[in-house]
Amino acid sequence: MIADISTIVAREMGVRRGGRWLLRPATFGIAGGVIGLTGSPGAGKSTLLATFATMRRPHVGALDILGYATGSSADLRRLRARIGYLPADFGWAAGLRVRDFVAYSASYKRTSMPAVQAILERLELGDVTAMKLGMLPADVRLRAALAATCVHDPDLVLLDEPLTGLTDQAADELVPLLSSLAPTVLVTGPSAGRLAGWCDQVFALARGRLTELATRPWPVAGGVRGSRLPVGGPAILTGDAAGPRVDAPGRTARAATALDAHRRLERLPVGSGAGG
């Protein structure tokens with residue numbers, strides 16, 4: 001399955017809104033790790049993220065995520081059970097208590113109640129479970145939203161500008177947590193500078209084209225990160241999609257899949273420039 005090689009695979013996929021290309025038809029693949037997506041307001045970051053979350057359909061082309069075809073109704077149900085998606089605005093939940101918010105998400109994702117307690121403990125929310133989200137500081141409110149997003153232990157997490165509105169100190173403290181949420185975490189941000197220090201890859205979306213930006217090494221708690229892939233476009237699937245899976249000591253099987261995938265991928269430029 002493609003999932004053993006690349007998390008997101010687009011084949012001549014194009015995304016339009018309001019009569020213009022937000023992403024011109026392009027063929028590309030993105031492997032595991034922490035992926036940043038930046039661009040000016042209105043460039044289409046949120047729309048592209050919603051497309052990866054299967055909330056929107058591509059205007060043209062095909063999109064496979066975690067080995068599932070998003071154009072297949074049969075695949076969508078199984079795929080959505082493996083995705084965690086947090087839009088930029090979750091203010092609708094301000095009146096919900098933390099535990100109720102996470103428990104509701106767990107019910108929607110058909111996840112057991114013990115998973116609710118586990119994610120609340122993991123994200124250090126035990127002291128605020130009875131508080132309403134609207135009463136929490138911004139960084140704690142984000143933790144609660146992340147708990148609801150990841151209560152079902154997803155393989156792919158999509159976060160739309162999660163650090164916006166936080167102080168630099170609060171954002172820095174949350175970076176290791178965001179990086180550990182899933183084998184693949186795709187996060188948007190208003191500027192490349194806020195993403196380049198801790199993401200494995202950073203892409204800029206502008207005028208309908210996706211371009212990879214240079215990143216720099218940045219050690220993260222636990223020593224997992226610190227190296228970066230060469231610049232030159234997202235990973236393109238090549239060779240045997242069902243290649244061998246090797247787990248290294250100290251890594252979970254899911255994390256190993258995402259990291260080992262980089263070694264079996266060839267990197268090519270993004271985008272064909274098709275379209276108007």
Side-chain angles (χ1 to χ4, degrees), residues 1-10 29-37 46 48-56 63-70 72 74-88 90 93 98-99 101-125 142-163 174-188 198-201 220 222 224-225 245 247 251-261:
M1 291 177 60
I2 295 175
D4 287 337
I5 293 292
S6 195
T7 302
I8 298 172
V9 177
I30 297 176
V34 183
I35 312 298
L37 176 63
S46 296
L48 186 57
L49 203 70
T51 303
F52 292 150
T54 73
M55 302 298 291
R56 297 176 59 97
L63 174 64
D64 291 352
I65 298 178
L66 297 170
Y68 295 99
T70 61
S72 167
D75 280 356
L76 272 181
R77 179 177 297 179
R78 293 189 291 268
L79 170 58
R80 286 171 176 165
R82 298 175 60 184
I83 293 177
Y85 171 52
L86 180 63
F90 53 92
V98 171
R99 178 179 290 277
F101 181 42
V102 179
Y104 173 80
S105 180
S107 175
Y108 179 75
K109 294 291 187 178
R110 299 182 180 180
T111 301
S112 64
M113 289 307 296
V116 174
Q117 186 61 35
I119 195 71
L120 290 173
E121 293 176 358
R122 176 185 170 191
L123 271 63
E124 301 178 352
L125 293 166
L142 175 60
R143 284 179 178 269
L146 293 173
T149 301
C150 299
V151 66
H152 60 303
D153 194 23
D155 296 304
L156 169 64
V157 171
L158 305 165
L159 307 174
D160 198 1
E161 300 206 11
L163 301 180
L174 282 169
V175 160
L177 173 61
L178 298 182
S179 303
S180 69
L181 291 174
T184 303
V185 178
L186 202 161
V187 55
T188 67
W198 58 281
C199 290
D200 296 304
Q201 293 175 272
V220 173
V224 176
R225 304 196 196 286
R245 173 173 173 171
D247 293 350
R251 290 191 297 179
T252 65
R254 291 200 313 154
T257 299
L259 296 175
D260 292 338

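Since the model is a prediction, treat every value here as computed from it, not as a measurement.
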Residue pair Asp75 / Thr70, side-chain heavy-atom distance below 4.5 Å: no
Side chain Ser107, main chain Tyr104, donor-acceptor under 3.5 Å: no
Side-chain touch Leu178/Leu146, heavy atoms, less than 4.5 angstrom: yes
Nearest non-hydrogen partners of Phe101 and Ala148, listed with the distance: CE2-CB, 3.7 Å
Enumerate donor-acceptor pairs with a distance under 3.5 Å from any side-chain N or O in residues 49-56 to protein atoms, sequence neighbours excluded.
{"residue": "Thr51", "atom": "OG1", "partner": "Thr47", "partner atom": "O", "Å": "2.8"}
{"residue": "Thr54", "atom": "OG1", "partner": "Arg80", "partner atom": "NE", "Å": "2.7"}

N/O donor-acceptor pair under 3.5 Å between Asp200 side chain and Gly33 backbone: no
Taking every non-hydrogen atom, the tightest pair across Ile83 and Lys109: O-NZ, 3.3 Å
Test log, rule side chain to side chain contact (heavy atoms under 4.5 Å, CB included), inputs Ser180 and Arg122: CA-CA 11 Å; Ser180 69; Arg122 176 185 170 191; 3.7 Å; yes
Min side-chain heavy-atom separation Leu177-Val175 under 4.5 Å: no
pair Leu174-Arg143: side-chain heavy atoms closer than 4.5 Å: yes
Exercise: identify the closest heavy-atom pair between Ala182 and Pro154: CB-O, 3.5 Å
Close side-chain approach of Ile35 and Cys199, heavy atoms under 4.5 Å: no
Beyond-backbone contact of Leu120 with Val102, side-chain heavy atoms, under 4.5 angstrom: yes
Any side-chain heavy-atom pair of Leu86 and Phe90 under 4.5 Å: yes
Heavy-atom pair of closest approach, residues Asp64 and Ala69: OD1-CA, 3.3 Å
Gly32 to Thr184 - nearest heavy-atom pair and separation: CA-OG1, 3.2 Å
Smallest separation among heavy atoms of Tyr85 and Thr149, with atom names: N-CG2, 3.5 Å
Among Leu142, Thr188, Leu181, Leu37, side-chain contact (heavy atoms from CB on, under 4.5 Å) partner for Leu159: Leu181
Validation row: Arg82, His152 side chains within 4.5 angstrom (heavy atoms): no
